[in-house]
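Some notes on the structure that comes next.
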Amino acid sequence: MAVFERDGVAIHHDLEGVADGFPVLLIAPGGMRSANDKWNAMPWNPRVALADSYHLIGMDQRNAGRSTAPVSGGDGWATYAGDQLGLLDHLGVARCHVVGMCIGGPYIVGLLTAAPERFASAVLLQPVGIDGNRDVFDDVFDGWRDEIAADHPEATDADWAAFKSNMWDGDFVLTATREQVAAIDVPMLVAMGNDQYHPSSTSREIAALAPDVRFLERWKDDESLPATDAAIRSFLADHTPGVGGRPGG
């Protein structure tokens, strides 16, 4: 475990796998509680599946898991993207793959829109999205707020309300418009969601809009998992540069 600190923010992260392998940024499931150990309960766990081939950078997002940060009404998706790119800068990673699940989907789409040059490819596993389900994300945010509010006397009710609005009042995949997704040229593998948090419509639309996508419709049942593992490993290998993503490497 390591920590990246700046401006009162402490981002805890795990560095695993092959130390000199091509880097992979891992953005875990869990909604507002996105922390690296959440992967351990998932049907496909990159901390295990990719550890023999890649240098894995597994984040706890701010105020999730072991990471901490102040809370303000200006917080939102861009705040988290700043943490994610800031961590890569801190570690000297100029370019990497990114693998995310659940809330990792919007985080990844935001990163590919803001800084596509930093990513060789992206894997989105059951990305969250808005399709008649906004109330479930309001509930997730409110539950998370209740858990941590006592640790954040700096945040007023108005701050929390603005923060929630910044995160969950958007549409589609929350961090980009359909036009922006259609302009993403970073290769993506999208594994379809199939529940109220991860609507299949969001996965299908991302796959239909973006120009370079491999789409997995069935991927997380026991029968499909071996093929899923092979597909993800093949996809990442196909897009791993011959020279590593760190400066000078």
Side-chain angles (χ1 to χ4, degrees), residues 1-40 46-47 50-51 54-119 122 140-141 144-156 159-160 162-164 166-167 175 244-249:
M1 185 270 290
V3 61
F4 162 52
E5 296 182 85
R6 67 170 184 181
D7 301 328
V9 179
I11 300 297
H12 288 256
H13 52 285
D14 300 300
L15 303 177
E16 300 174 311
V18 180
D20 61 352
F22 191 73
V24 180
L25 177 65
L26 302 180
I27 303 182
M32 303 303 298
R33 302 173 182 86
S34 170
N36 197 41
D37 65 1
K38 298 286 188 185
W39 285 115
N40 299 336
R47 299 180 70 183
L50 303 180
Y54 297 95
H55 178 59
L56 305 177
I57 304 163
M59 295 180 67
D60 291 1
Q61 304 302 320
R62 59 171 53 207
N63 294 316
R66 303 156 295 178
S67 294
T68 58
V71 170
S72 80
D75 290 344
W77 295 103
T79 312
Y80 288 91
D83 293 340
Q84 293 150 6
L85 293 172
L87 175 60
L88 295 180
D89 291 342
H90 168 73
L91 295 173
V93 174
R95 197 161 183 250
C96 63
H97 300 303
V98 57
V99 174
M101 187 173 189
C102 180
I103 198 169
Y107 284 142
I108 289 173
V109 171
L111 290 170
L112 300 187
T113 302
E117 71 283 356
R118 303 294 297 269
F119 301 98
V140 167
F141 186 97
W144 171 74
R145 171 190 171 174
D146 290 345
E147 291 173 6
I148 70 169
D151 297 325
H152 294 278
E154 76 281 2
T156 65
D159 287 327
W160 287 108
F163 184 8
K164 180 166 74 170
N166 293 340
M167 293 294 293
T175 54
R246 295 179 180 83

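The first residue in the sequence is number 1, and the count goes up from there. Any value given below was found using the heavy atoms of this structure, including those in side chains, with hydrogens, waters and symmetry copies removed. This structure is a prediction, so every number in the text was calculated from the model and none was measured.
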Salt bridge (Lys or Arg N to Asp or Glu O under 4.0 Å) pairs touching residues 57-71, sequence neighbours excluded, are Asp14-Arg66, Asp60-Arg66, Arg62-Asp83

Please round to the nearest 0.5 Å and tell me the distance separating atom NE2 of His90 and atom CZ of Arg6. 11.0 Å

Quick one: pull up CD1 in Ile57 and CG in Leu26 and give me the separation to the nearest 0.5 Å. 8.0 Å

Looking at every non-hydrogen atom in both residues, tell me the closest pair between Leu88 and Cys96 and how far apart they are. CD1-SG, 3.9 Å

Residues at least two apart in sequence or cross-chain that pass side-chain contact (heavy atoms from CB on, under 4.5 Å) with Asn40, listed by chain then number, are Asp37, Asn45, Arg47

With His97 via ring pair (Phe, Tyr, Trp, His ring centres under 6.0 Å) - residues at least two apart: Phe22, Tyr54

Validation row: Leu25, Val93 side chains within 4.5 angstrom (heavy atoms): no

Between atom CE of Met59 and atom CG of Leu87, what is the distance when rounded to the nearest 0.5 Å? 5.0 Å

For Pro70, all residues meeting side-chain contact (heavy atoms from CB on, under 4.5 Å), sequence neighbours excluded: Val9, Glu154

Taking distance alone, no hydrogens or angles, what donor-acceptor pairs closer than 3.5 Å link side-chain atoms of residues 71-81 to residues at least two apart or in another chain?
residue : atom : partner : partner atom : Å
Ser72   : OG   : Gly74   : N            : 3.2
Ser72   : OG   : Asp75   : OD1          : 3.3
Asp75   : OD2  : Ser72   : N            : 3.0
Trp77   : NE1  : Met167  : O            : 2.6
Thr79   : OG1  : Gly76   : N            : 3.0
Thr79   : OG1  : Gly76   : O            : 3.4

Please enumerate all residues that pass ring pair (Phe, Tyr, Trp, His ring centres under 6.0 Å) together with Phe119, with sequence neighbours excluded. none

Heavy-atom closest pair, residues Thr175 and Pro106: OG1-O, 2.7 Å

Hey, could you give me the CE/CD distance between Met32 and Gln61, rounded to the nearest 0.5 Å? 9.5 Å

Asp151: what forms a side-chain contact (heavy atoms from CB on, under 4.5 Å) with it, not counting sequence neighbours? none

Ignoring hydrogens and angles, tell me if any N or O in the side chain of Trp144 forms a donor-acceptor pair with the backbone of Asn63 under 3.5 Å. yes

Under the side chain to side chain donor-acceptor pair (under 3.5 Å) rule, what pairs show up with a residue in residues 21-30, not counting sequence neighbours? none

The criterion is salt bridge (charged side-chain N to carboxylate O under 4.0 Å, His left out); which residues satisfy it with Lys38, sequence neighbours excluded? none

Under a 4.5 Å cut-off applied to non-hydrogen side-chain atoms, are Leu56 and Val99 in contact? no

Please report the closest heavy-atom contact between Ala35 and Ala28, naming both atoms and the distance. O-CB, 3.1 Å

Which residue pairs satisfy the side chain to side chain donor-acceptor pair (under 3.5 Å) criterion with at least one member in residues 102-119, sequence neighbours excluded? Asp89-Arg118

His152 and Asp159: CA distance, side-chain angles, deciding distance, side-chain hydrogen bond (donor to acceptor under 3.5 Å, both in side chains) verdict: CA-CA 11 Å; His152 294 278; Asp159 287 327; over 6 Å; no

Residues in side-chain contact (heavy atoms from CB on, under 4.5 Å) contact with Glu5, at least two apart in sequence or another chain: Val3, Ala10

Would His55 and Leu15 count as a side-chain contact (heavy atoms from CB on, under 4.5 Å) if you check the C-alpha gap in whole Å, the side-chain angles of each, and the deciding distance to 0.1 Å? CA-CA 7 Å; His55 178 59; Leu15 303 177; 4.1 Å; yes

Using the six-membered ring wherever Trp is involved, compare the ring planes of Trp160 and Phe163 and label them parallel, tilted or perpendicular (cut-offs 30° and 60°). parallel

